[in-house]
Amino acid sequence: MVVAGPGAGKTRVLVNRLQFLVSEAHIDPSSILTITFTRAAGTEMKSRAQELLGDAAASVTFGTFHSVFFNILRNTYRFTSENIINPEIQFNILSEILMQKEVEILDFRRSAVTLLSEISRVKCGKAPEEVSSAVLSEELFPEVCRLYRQRMNDLRLIDFDDMVLRVVQLFSERPEVLRRWQEKFRFILVDECQDMDPAQYKGIRMLAGNNANLFMVGDDDQSIYSFRGADPSVMQDFIRDYPGAAVIHLSTNYRSHAEIVDAASKVIAENENRLEKEIRANKKKQDDDRPDGSDRIDIRGFKSREEEINALRDELKNHKGQLNERAILVRTNSLVSFIAEKLTSFDIPCRSGEKITNPYDHFIAQDIFAYLRQAGGDMSRRTFYRVMNRPYRCISRNAVRGCEFNFDELEEYHKYDVKTLSQISKYRRDLAALSKMRPYAAVHFILNGMGYLSFLRDYAAKKRLEYRELKVMAEEMKERAREFRSFAAWEESAEQYRYEIQKIQQRGAGNSDQDAVTIMTLHRSKGLEFNEVFLTDVNEGILPSDKSVLKSDIEEERRLFYVGMTRAEERLHIWYIKDDHGKAMTKSRFLRVICNEKDGNSSHVNGALRCGVYDHER
């Protein structure tokens, strides 16, 4: 096992190992299996192997865990691509099960993605009782897991988790099949082994067999995919399971300057469940003088997210023509979308390698727009049905007889219900008031004066969701409204942003044809590097996430921060905010060790960085 830290050259190690096996040890290349975790990594590795091995590289098997294991299933069970479930069928199966269990979820697709990830953790070895579902109750979640797996079996469909689990089962039940594949793959190389889940590790161990020609490269400090079942302790298991194996440490970081490496090392050293290692920077401190005199690490606090965004704008506008070398890394996809929208409005081109969630597709945004359309004269039944009981007003759908609604008709239908009549009268007055307001005031009135936040609170309690997350989404919509003088202008901007999202994603994360800053989540940034990196919103409740309660969760969040820090080559910005929509925020606990803080006081660290709250003007 090769324990290789950030910027140590893991891919180079694997490619040169391949060259050694084929050119020096004269191993038949067709007996070599090289496993990567993404198709892109496999393609890059195969390309680099061809440069060294020529035609011999074509005989080496390169693949992801899922492609390799599916090939085994295809040869044994005659599975085809039609047996692999697609997302739409997954959603349909979940929808049927939830309807059967009389579970109503308003934002179904978003919740379904979360639920499938939770089911995946169960498949990868967790007991249903060990997984805290964000969508279902602890009584219902195990039953939905069981019904989902049963339905998949009935349809003879498999997902990515099943590919691994079925191969492990196959190897256990049919030793002759296992022997055949052991004879085929006598030498196994695994990249990013810290991302393996226990089932994948078991499958690889079975495949390696008694020959144990197993060569794994990874870094447990960069294991950040527990939501997919990844378990960094697999690397510790390897040392225990193969006590005679060599463990080699690649301890030199060839990517980042010394101050960045030192700060990142201090952060990750706080984790207890890790292999001990010491990472050194190839770029020495005496070589670190910057021509502009700025610090290698810039830690700043801002009074609000608006000030943070404005600071981003100013920094990036100073580097027009060099945006390709810069990246903004954030904790959540919603922050990717928020920052991309803001920078687009500043005429700063962006790119992203992941699917950007359009905030205007969220049910809260659509509800707010429905109210604003009504205030502007939209009397359509469809718009009315969307918000007529948000908050609950006891209005019956049967009160609308045609394609449009009117208040006289509503009052006539409910004329014997005094309480509902009162609600309808208030509804009419509220829309009249809305029609005279600018967007920011109008959204504030919808949330507070019309009771929409109360609806969200009740909805969150009913669906076992986090009310704060829904409230933050609503408050973010209010912030978006601030810069528009009319709803028509805001609606036009929202449509323009839908078009901009397509352009941002078409540029992709690795396409350098157009000068653009990369915006992505910390998870997506793994394996990449940039001249200058901005880590924004490094706050308690965001990084680490407020959902991270257990010690193991906090350690993974710390690894995620470590990955973000070590993407930077020349300069690293770590920013946090003091206020989020009226909620007081504190900087992340992960910053304390960098700033050498005691009792909340900041100080210089070796003269390399400064910590504290910066005024926007400064």
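Judged by distance alone, the side chain of His249 and the main-chain N or O of Ser251 form no donor-acceptor pair under 3.5 Å. The backbone N or O of Asn273 lies less than 3.5 Å from no partner atom in the side chain of Asn271, so there is not a single donor-acceptor pair. A donor-acceptor contact shorter than 3.5 Å links the side chain of Lys277 to the backbone of Leu275. Using a distance-only test at 3.5 Å, with no hydrogens or angles considered, no donor-acceptor pair links the side chain of Ser223 to the main chain of Asp220. A donor-acceptor contact shorter than 3.5 Å is absent between the side chain of Asp579 and the backbone of Lys303. Looking at Ser545, its side chain never comes within 3.5 Å of a backbone N or O of Gly541 through a donor-acceptor pair. With Arg296 contributing its side chain and Arg571 its backbone, the two residues share no donor-acceptor pair below 3.5 Å. Using a distance-only test at 3.5 Å, with no hydrogens or angles considered, no donor-acceptor pair links the side chain of Thr536 to the main chain of Trp575. The main-chain N or O of Ala41 is found under 3.5 Å from a side-chain atom of Thr38 such that the two form a donor-acceptor pair. Under the 3.5 Å distance criterion, the side-chain polar atoms of Glu540 are matched with a main-chain donor or acceptor of Arg589.
The nearest pair of heavy atoms linking Ile299 to Cys595 is CD1-SG, 3.8 Å. Looking at every heavy atom in both residues, Ser256 comes nearest to Asn253 through N-OD1, 2.9 Å. Across every non-hydrogen atom of Asn324 and Asp515, the tightest pair is N-OD1, 3.1 Å. The nearest pair of heavy atoms linking His66 to Val164 is CD2-CG2, 4.2 Å. Closest approach of Leu453 and Tyr467 over heavy atoms only: O-CE1, 3.6 Å. When all heavy atoms of Ile119 and Cys145 are compared, the closest pair comes out as CG1-SG, 3.8 Å.
No more than 12 heavy atoms of other residues, nucleotides or ligands shown are found within 6.0 angstrom of NZ on Lys202. In Lys320, the NZ atom is crowded: over 12 heavy atoms of neighbouring residues, nucleotides or ligands sit closer than 6.0 Å. Within 6.0 Å of OH in Tyr242 there are more than 12 heavy atoms belonging to other residues, nucleotides or ligands. Counted within 6.0 Å of CG on Asn318, heavy atoms from surrounding residues, nucleotides or ligands total more than 12; the atom is thus considered enclosed.
A cation-pi arrangement is absent between Arg567 and Phe530 under the rule of less than 6.0 angstrom and at most 45 degrees off the ring axis.
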_Test log, rule side-chain contact (heavy atoms from CB on, under 4.5 Å), inputs Gln222 and Lys10_ = CA-CA 13 Å; Gln222 297 187 70; Lys10 289 187 287 292; 3.8 Å; yes

*Check the pair Ser120 / Leu116 against side-chain contact (heavy atoms from CB on, under 4.5 Å), numbers first and verdict last.*
CA-CA 6 Å; Ser120 174; Leu116 287 170; over 6 Å; no

*Would you check, one step at a time, whether the test ring-ring contact (aromatic ring centres under 6.0 Å, His included) holds for Phe363 with Tyr459?*
CA-CA 12 Å; Phe363 80 88; Tyr459 176 76; 5.6 Å; yes

*Working for side-chain contact (heavy atoms from CB on, under 4.5 Å), residues Ile577 and Ser304*: CA-CA 5 Å; Ile577 57 176; Ser304 66; over 6 Å; no

*Test Asp298 against Arg300 for salt bridge (charged side-chain N to carboxylate O under 4.0 Å, His left out), laying out the working first.*
CA-CA 6 Å; Asp298 158 41; Arg300 283 194 246 176; 3.1 Å; yes

*For the pair Tyr497 and Asn358, evaluate side-chain hydrogen bond (donor to acceptor under 3.5 Å, both in side chains) and give the outcome as yes or no after the intermediate values.*
CA-CA 8 Å; Tyr497 181 54; Asn358 189 338; over 6 Å; no

*Evaluate the side-chain contact (heavy atoms from CB on, under 4.5 Å) criterion for residues Ile348 and Val517: first the C-alpha distance (whole Å), next the side-chain angles of each, then the deciding distance (0.1 Å), finally the verdict.*
CA-CA 8 Å; Ile348 296 175; Val517 62; 4.3 Å; yes

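Considering CD of Glu307 and NZ of Lys578, their distance stands at 12.0 Å, rounded to 0.5 Å. Summarising the geometry, atom CG belonging to Asp367 is positioned 8.0 Å from atom CG belonging to Leu456; distances are rounded to the nearest 0.5 Å. Remark: Met235 CE to Arg240 CZ distance equals 14.0 Å, nearest 0.5 Å.
Residues Ile309 and Phe346 form a side-chain contact, since some pair of their non-hydrogen atoms from C-beta on lies under 4.5 Å apart. Taking the side chain as every heavy atom from C-beta outward, Ser352 and Val336 approach each other to under 4.5 Å. Between Glu532 and His319, some side-chain heavy-atom pair lies under the 4.5 Å cut-off. Leu323 has its side chain within reach of Pro349: a pair of non-hydrogen atoms, C-beta onward, lies under 4.5 Å apart.
At a cut-off of 3.5 Å, with distance as the only test, no side-chain donor of Asn333 or Thr521 sits close to an acceptor on the other residue. In summary, the side chains of Ser588 and Asn539 do not present any donor paired with an acceptor at a separation below 3.5 Å, with no hydrogens or angles considered. In the model, Tyr201 has no side-chain atom that pairs as donor or acceptor with a side-chain atom of Asp237 under 3.5 Å. Side-chain contact annotation: Tyr225 with Gln194, donor-acceptor N/O pair under 3.5 Å absent.
Listed by first and then second residue, the ring pair (Phe, Tyr, Trp, His ring centres under 6.0 Å) pairs that reach into residues 544-572 are Phe561-Phe590, sequence neighbours excluded.
Salt bridge Glu556/Arg559: present, at least one basic N to carboxylate O contact under 4.0 Å. Using a cutoff of 4.0 Å between basic side-chain nitrogens and carboxylate oxygens, Asp580 and Arg305 are scored as salt-bridged. Contact check on Arg331 versus Glu557 returns a salt bridge, with a Lys/Arg side-chain nitrogen under 4.0 Å from an Asp/Glu carboxylate oxygen. Remark: Asp241 engages Arg205 in a salt bridge, criterion side-chain N to carboxylate O under 4.0 Å. Remark: Glu469 engages Lys547 in a salt bridge, criterion side-chain N to carboxylate O under 4.0 Å.
Exactly one of Glu500, Glu483, Glu306 qualifies for a salt bridge (charged side-chain N to carboxylate O under 4.0 Å, His left out) with Lys342. That residue is Glu483.
For Lys526, the side-chain hydrogen bond (donor to acceptor under 3.5 Å, both in side chains) partners two or more places apart in sequence, or in a different chain, are Glu192, Asp195. Remark: Glu341 pairs with Tyr360, Arg480 by the side-chain hydrogen bond (donor to acceptor under 3.5 Å, both in side chains) rule, at least two apart or across chains. Partners of Arg482 by salt bridge (Lys or Arg N to Asp or Glu O under 4.0 Å), not counting sequence neighbours, listed by chain and number: Glu479. Partners of Arg457 according to the salt bridge (Lys or Arg N to Asp or Glu O under 4.0 Å) rule, which considers only residues two or more places apart in sequence or in another chain, do not exist here. Every residue was checked against the side-chain hydrogen bond (donor to acceptor under 3.5 Å, both in side chains) condition with Glu569, not counting sequence neighbours, and none meets it.
Ring orientation note: the planes of His573 and Phe534 are close to parallel, at an angle under 30° on the 30°/60° scale.
For Phe37 and Phe65, the gap between ring centers is short of 6.0 Å.
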